[in-house]
Every structure is written in structure tokens, then in C-alpha cells.
Amino acid sequence: MNKPIRRVFFVVVFLFALLAFYTTRWTVFEARSLNQNALNKIPAQKNAKKPRGAILTANGRVLARSVKRSDGEYVRRYPQGELFSHPVGYSFAFYGQSGLEKYYDDRLTGRTKSVGSILDQLLGRGGDEQSMITNLDRGAQQLAQTEMAGRKGAVVVMEPRTGRIPVYLSIPSFPPAAMGTNAGVKSLNSDNQNSPLVDRVSDATYPPGSTFKVVTATAALDSGTMTTESTVDGNSPQTFASKPLQNDFNQQFGPTNLETALTYSVNTAFGNIGVDLGPDRLLEYMKRYGFYEPPPVDLPPGQLLSSGLRRGGDLLPADANFDLARTAIGQERLAVTPIQMATVAATVANNGVRMEPRIARAFRDDYGRTTLKVSPERATRVMKPSTAEELNKMMRKVVEEGTGGAANIGDLRMAGKTGTAEVRGGNQAWFIGFAPYDNPKYAVAVTIEKTQLFGGQVAAPIAADVLQYLLRNQ
Amino acid sequence: MLSARNRELLGLVPVALATAAGFAGVLIAREAQVNDLTVTYGAMFLVLCLVGHLFIRWRLPDADPYIYPLTASLAGIGIVTIYRIDPELAREQAQWFVIALIAFMATVVLVRDISILERYRYSIAIGAFILLMLPRLTGGVVNGAYLQINIGPLSFQPTEIAKLAIVIFIAAYLAETREILVTQERRFLGISFPPLGFFGPMIVIWAMAMIMLVFIRDLGSAVMFFGAFLALLYVATGRLSYVVLGLAMFIFGFEFFSQTVGHIQARADIWHHPLDPALYHAEGGSYQIAQGLFTMSDGGVLGSGFGQSLIRVGGDPILPAVQTDSIYALFTGEAGLIGAIGLLLLYLVFIERGLKTAMIARDAFSKLLATGLTFVFALQVFVIVGGVTTVIPLTGVTLPFVSYGGSSIVANFILIALLMVISDNARREDAEIGGVI
């Protein structure tokens, strides 16, 4: 009978191997996804037991800090109210986290640290909390909020050379403190009319309208499909994909060069350019600009959307058929995030090199020592410096003579591109640009939902005022 | 070479050290002052270990030297973990240890000759059946299963004792009939079938498993009993075909009843989709399983440290049934994957010792009983750890020696008493034969 007994033991060994495997699965292989599961309140609960580092603007104004309650737990306070809710996010036990609070949770709580003893490890003690200095500028953010005047949309500013983000505004906003109460979470979650929790900078996509022509122009010039001298037919209307396409006010431009086409946003000319480019080249340049991947900003992956041709909520597969001419002018099923369009402007401003956007700048420990510098990350070179130089000139012309005249204020020396996409209920108004054009310090994207006006009328002035403020208060 | 008992004593030293370290760890983690009471629990536990050891020296001098230290280390892990959950529970558990140790000693004294059990097998079987049906008649529902009877303030889970009784009965029955099973088998289509007369008892045991499934609503116990039965059937006859036949019957029954009995269907759903928000929020849904997974993932490889896992916030449980069903999840959360594997290895070594005892035992009944007791013990670990880690649907059984629970501790101490009586007999015979030569 001993042989069967030995076999019974092997059965037990097999069963226990299963147990060990499944334990490994939950503690190792799937630990990360379990820790980030929305149902899992343990990480946030544990955080409540310890103070979190403060979050500060570039000038040291407090955006978030921890306060100890009488019961010994720490709770988060957001002294700026609704102003920075989307980039900073919130962190509450039981209601979870978002924004920078979530992305840099390990540093804010001190879980990431340089030195630690084995005893600390065994007892699960982390390091001390670190405070975060961001690139955010309270004055500029405030100005942007004032000028948006409650209209839904987004304003985002980026430094072309470093990717630093001084302004990151999504309207409507919400008071972060409300996410610490049951009633607050419920009412914010159920407000489908305004969707205040949606980050309209990186987590919402809109039709880009004519601002996309900068991308098309980049592809045409940089690939050599067009030169600054060559012309295309700019008469109106013309037929593309068996449907007529018109210029605004059905204006006739005849043979049109790239500069004129961009300055006056000539639809039919760009339609022809799109057809000349072909799908592969256009998609190639879109991808270089960062389309078809989530914006590489320092925010949690769950709250970022990729830009590109979309159907419903999903990106269209790269090999799907699409209307080239209408894509080239920013129509078709193009849907983009404001941070993507700010990146387009910033890339032109930075001689064709795309930088990754960064909201955080540095971390400090309790003694004021810098524990981490968030350094600029170069994403890729999108175009030749000469292409960027040509585009820079053309975008300057848009503001000097063309549709972006409203941004031509004072000594700002802005370059840019307007956009207006018809949507249900009005226009999606856009302006993207940078200033000063001859030594770009800031790039910007402004968009406003469902307005009756054009991008050049509503978005361009806000962009100009915010950049002027930043340049004067540098 | 050291005598068996001195090896046992030596084995208790690391147990004592580890338990002391465990209590110290919990104390440091709580940043509480070392108060007299907490030290008392640790000391009391160690004194109990020593008393047990001295008793074994006296009554079972030749028994396997590893079973007792392994038991003590598992119990040490249990008492530290329970102490970390709630010192009051640890106090109660310590009292149960006293009762369990008395039960251990009583068993050793009463069952000096293991064949007594063989003689009273039918009485034992009837007793087991009554024990199983009691909670359905009188008792309370735990996790949707009828598992306990309440007598005043005490609750008692009769399945724990019934587990032992059923194994004793099956072992006795098979020890008697194994010859017939093998010699009178029929071959049909090239497969060995047991003689017809055997089908009666087999169907009775199958029916008992199905009763557990449907009326007591306890898949875990059904798996344990029927699994132990099949293992013993295989050991008794060496016929794999019998096992396949029994397994087929069980799966058929399970499939049939899971289609028709809502409770079982619901269990399967939450087993497959523990993280589905709808099931998570549902009454009697996957909340417990999901929280167990979250606790384990929070621990990772090295664990979050003693006292660091969250058990409740305010009055809301983060980890339900933490001192019973979910204790493995808590232990994994705090001691990490490394600690969990260590715990499983302790169990595996224990099981190895149990089956070793079965292999050196001389008579069929002792062999079968030792195998059955060990295997049902192994299956119990599998059922609860597998339930917590979603290898199988979760049913509430205790993690032997580690979970809080009086009936479980008492039953498992009786189990090791029986194992050590068998071991003592077998090894003494070995020694005597050796002496003659």
C-alpha cells in the first residue's frame, strides 16, 4: 500500500504548487493592477495614516497640504479651491486619488526613498514624505480662468525647450475637497451636463479644426512633397472623396503656396496637399508629433487620451480607410487633446524637437534637500530645423495678417494658428501658438466648447493675454 | 544520535524563538508599551508547548519527533497573527489551546490501541451523520452555509469533528473490504469495476457529500470528505479506475446541483469574477474575496510588515472574516509571498510526516487512517487557501492550527493525537524488531 500513499503525497505536492502559484499571481504578477483597481481602497486608506508632502506652485504657493485631524489621521487640504483641481487632483481615503497626487503618490508619501534599514522593511516603514514643486504659475492660471469666464474648455501652456507646464486649466472645475465626502463624490459623478471631473486638457478629445493644418504643413514641407515656392489649387469649391469642399465664404485663391494656404486657412488647398501627401506620410508625421499614443505628461495613465482618427471612443486602426483631404484640414474623424495641440505648437517653436510635457519640477525632503529633479525629456525630432523655421514664419504671418489677428497684441510677437470646427450645438474654437516667435518662451493651446464664435475671435485673445502675462512676469 | 523526544525538544526551540519574535514584532508595530498581559500570552503558549512535549515523552515515547514541533510552529504563527488582529481573541484562542491540549491527552489515553476505533466504526459513522445534520436543524448560516450550532454563547462547528469521524469510518470500512474489492472486481470494457455490493456504501458516501453540497451548502467540506474517501479507496485497492469512477460521480453531482441550486451557481460566479463591480457590491457577493486579493497584493513579495495590513476602518471591515477564512490573506499581506510560501512548506512537511507515518504503519487500518487523516488535513488547507486565492470557489473552513476557532483547534489536536498514536505504535514495533536482531 505504500506506493499509492507516495502517489497521494505527489497529489498533495501538486495541489500545494497550485496554491503557491496563485499566491504568487496575486502578490507579484497582478499586484500592480490590483493596487490600482478602483475597488481597492487599501492604498488610499494606508496613506491616511501618514502625512503627504505638500504640492507647491513654481513660486512656492501651496496647492495641497496635509493636516492632522484630532483622530490622528491626515487629511488633504487644497487652499486654491477649484483653480488647480485637474492637474493636482485629489487624495482621499476611500474616494481614491487622481492627478499629480496619484502619479507621484510614492514620493509624496515617502514610499520611494534612498536609504532604509532592514527593520524598516520588515515593519513596512517607509521614508519621510517629500514635497513637490510644480511648474504651475498661479497668476497665469488665474488669468486664464478669469478669461474663460466659465465657458467650457481648456487652456494649456508649455515651455517649448523644456516641456514645463505653467498653465493647465480645465473648465468647468470642481472643489477637490468635495471628493472627500460621499455627497460630493455622488453629485460630481452624476453631473453629466458639465462633467466637471473630466480633465479637458489631456482626457478629452475634440475635433481640431484648422489648427491641424500645422501638422499637414509640417508633413508637406519636411517630406519634400511641397517647397515654400510650390503651389496647389486653392479655388472653391472642389470635390474630394465625391463630396464638395468649400473655402470659408467660398473665397477663390487660385494657385496657392503653403504660406498663403496657412495664413488664410485655405481648405481646398490643404485638401490637395493632403491628397498629395498620401495616408502613410500624414500618419507618420502625426505619430512623430505624438498622436496615437497617450500624451507623455506626468499624470496617471488612466486619465489620458490619445489623439488621432477616432470612431466612437476608440482610435481607428492605422490601416483603416479615411478621407485624406478632410483629415488634412482637421475634419474627418480627427479628435485631439488640447495638450497634444500645445505640443504641436511647442515642437515648431523648439526647432522641430518635441519635448515631453512635465507638470512637476522637483521634490524636496523635510530638510529642504532636493531629492529629485524632474528633468526635461526629449521625445523625438519631428522635423528638420529648416522646416520648423519656415513653419514659424508662416504661423507668425497667420497672426500678423491672417485669421489669428486677435492674438497680435502689444509687443507679444505671437505666432499661431486658429481653428474652428463645427460640432453639434455650435463651434469648437481653437488657437494654438507660441511667443515670442523669434525666441519662443511659451507655447499655448486654447479651446472652447460649443461657442457661436470662431477660434480667432474667442480663443486667440485668451492665448495672447496668458502668454503676455507669463512673459511680463518671468 | 539523539532520541526522538530530544529531537522534538530541539525542534521546539526555533518555534519558541520565532513565536517570541512574532509577539515582539507585533508589539513594536503597535508602538505599544510591553505590558505584562501580552508577555503572559507568549509565555503561556510556550508553557503549553512544553507540557504537551512532556506528556508525549511519557505516553508516546517513540512517536514521530517532527509532528509536534510542526504543529507548535503553525499554532505559533496562528496565535501571533490572531494576537495582532485582536488581543482579546488571542486570549480566547489561548484558552482553546488548553482545552485542545486536554483533548489531545485524553485521546492518547483513551485510544491506546488504535483498533478500538475500527471496532466502533458504525457508531462513529452515525455520530458523524448526526453532527453534520445538526446545524441545518438548529444552527446559523455562515457565509451562506449551515456550518455551526449555537449553544448559548458558544458556537461550535460540528463538521470539524465529523471530519475525523468520517475518515475513521472510511478507513475502517476499507480496511475490512479491500480484499473483496480487489478480488471480486469485474472488468467491463477493459475497466475495473468494484463488486456490486460495494456500490451501496460508496453511494452512501457520495450521497453524504451531495447532502453537504445541497443542504449544508458547504462545497469545501464535500470536497474534503469525498476527496479523502477517494484517496483511501485508491490506497486500499491500488485501482485508479475506482478513483476515476468516484470522481466522475462527484463532478456529475456537482454539475447537476450547481445548475439547479442557486446558491452554488452564485458561488461560482463570484469565484470567476471577484473584481466585477456589480458582484463586488452585491449582498453576499465577492467583497470578501476581492478584499483578500487586495490585501495579498498590498503585501507583495516581502510583505507590508506585522500589524501593517488594514483590517477595518472605523467599524467597516476591510478584510471580512479576518481571523478565520481570510487569515491566509492577512498573513500573506503582512509576511509577503515569502512568508506565505514558508507557511505552505510547513504544512507540506507536516503532511509528509503524516504520510510517512502511514507508510511505516503495520496494519491496513492504521495505514488507511493515517493517510486519511493527513489527506483530509491537506485538503482542508487546500480548500481554504485555494478559496482565498481563487484556485477554487471560497468556502469557509479554517486554516488548520492557524485560524481562530475552538472546534477547529480541538479537532486538529485530536487528529495529531491519532497520528502520533499510530506513529508511536509503528516506530516502537520497528525499534523492537531492531532490538531482536
Side-chain angles (χ1 to χ4, degrees), chain A residues 1-50 71-73 92-95 111 116-126 182, chain B residues 25 28-29 178 231 234-238 275 277 280-281 290-310 313 318 328 332-334 336-337 340-341 344-345 347-348 351-352 355 358-359 364 367-368 370-371 374-375 378-379 381-382 385-386 389-391:
Chain A
M1 281 159 94
N2 284 354
K3 205 166 147 193
I5 294 175
R6 200 168 289 131
R7 287 192 179 146
V8 165
F9 182 64
F10 291 139
V11 170
V12 173
V13 170
F14 170 75
L15 292 178
F16 273 56
L18 265 179
L19 299 180
F21 172 76
Y22 268 74
T23 307
T24 312
R25 177 177 166 196
W26 304 123
T27 52
V28 181
F29 301 132
E30 291 185 33
R32 209 182 152 73
S33 79
L34 282 174
N35 278 329
Q36 295 188 345
N37 190 295
L39 297 172
N40 189 355
K41 309 299 181 199
I42 291 174
Q45 280 290 331
K46 284 197 148 181
N47 284 342
K49 308 264 181 230
K50 303 197 304 174
D71 63 1
E73 292 205 347
F92 291 109
F94 263 120
Y95 304 101
R111 219 172 295 132
S117 69
I118 292 171
L119 183 70
D120 284 343
Q121 192 79 48
L122 277 175
L123 294 175
R125 288 178 182 157
N182 241 330
Chain B
I28 292 171
R178 56 187 286 265
Y234 175 59
V235 171
T237 63
L275 299 178
Y280 177 87
H281 291 294
Q291 290 303 122
L293 299 183
F294 294 153
T295 302
M296 286 190 279
S297 78
D298 182 53
V301 177
L302 294 174
S304 56
F306 280 131
Q308 299 298 319
S309 282
L310 286 173
V313 172
I318 287 280
Y328 180 79
T332 306
E334 302 201 335
L337 174 64
I341 300 279
L344 292 177
L345 282 176
Y347 279 117
L348 203 56
I351 291 156
E352 195 271 336
L355 293 178
M359 287 166 79
K367 274 180 177 303
L368 288 170
T371 306
T374 310
F375 194 66
L379 278 179
V381 176
F382 179 75
V385 176
T389 55
T390 73
V391 180

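Letters go in sequence order (proteins before strands), and every chain restarts at 1.
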Part of B:A378 within contact of chain A (heavy atom distance under 4.5 Å):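 Backbone plus side chain of B:A378, per the 4.5 Å heavy-atom cut-off to chain A.
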Side chain, backbone, both or neither of B:Y234 within contact of chain A (heavy atoms, under 4.5 Å):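 Contact with chain A: backbone and side chain both.
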Salt bridge (Lys or Arg N to Asp or Glu O under 4.0 Å) partners for A:R25, two or more places apart: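 Partners of A:R25 by the salt bridge (Lys or Arg N to Asp or Glu O under 4.0 Å) criterion, ordered by chain and then number, come out as A:E30.
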Side chains of [X] and [Y]: does their closest heavy-atom pair fall under 4.5 Å?
X: A:L39; Y: B:H281; result: yes
X: A:F9; Y: B:T374; result: no
X: B:V381; Y: A:F16; result: yes

Between B:I351, B:T371, B:I341, the one whose heavy-atom pairs under 4.5 Å with chain A are most numerous: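 The residue among B:I351, B:T371, B:I341 with the greatest pair count is B:I351.
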Heavy-atom pairs under 4.5 Å with chain A, option from B:L348, B:L345, B:L379 with the top count: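 Greatest number of close heavy-atom pairs with chain A: B:L348.
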N/O donor to acceptor pairs below 3.5 angstrom from side-chain atoms of residues 292-300 of chain B, sequence neighbours left out:
unit_1, atom_1, unit_2, atom_2, d
B:T295, OG1, B:Q291, O, 2.8
B:S297, OG, A:N35, OD1, 3.3
B:S297, OG, B:F294, O, 3.0
B:D298, OD2, A:K46, NZ, 2.6

Determine the option with the most heavy-atom pairs under 4.5 angstrom with chain B, choosing from [options].
options: A:N40, A:T23, A:L34, A:L18; value: A:N40
options: A:V12, A:V13, A:L15; value: A:L15
options: A:N37, A:L19, A:V8, A:T24; value: A:L19

Exercise: identify the closest heavy-atom pair between B:M359 and A:N2: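 Looking at all heavy atoms of both residues, the shortest contact is O-ND2, 3.1 Å.
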Nearest atoms (heavy-atom pairs only) where A:I5 meets B:A358: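 Heavy atoms of A:I5 and B:A358 come nearest at CD1-CB, 3.9 Å.
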Of B:L337, B:T332, B:T390, the residue whose pairing with A:W26 passes side-chain contact (heavy atoms from CB on, under 4.5 Å):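 In the set B:L337, B:T332, B:T390, the residue that makes a side-chain contact (heavy atoms from CB on, under 4.5 Å) with A:W26 is B:T390.
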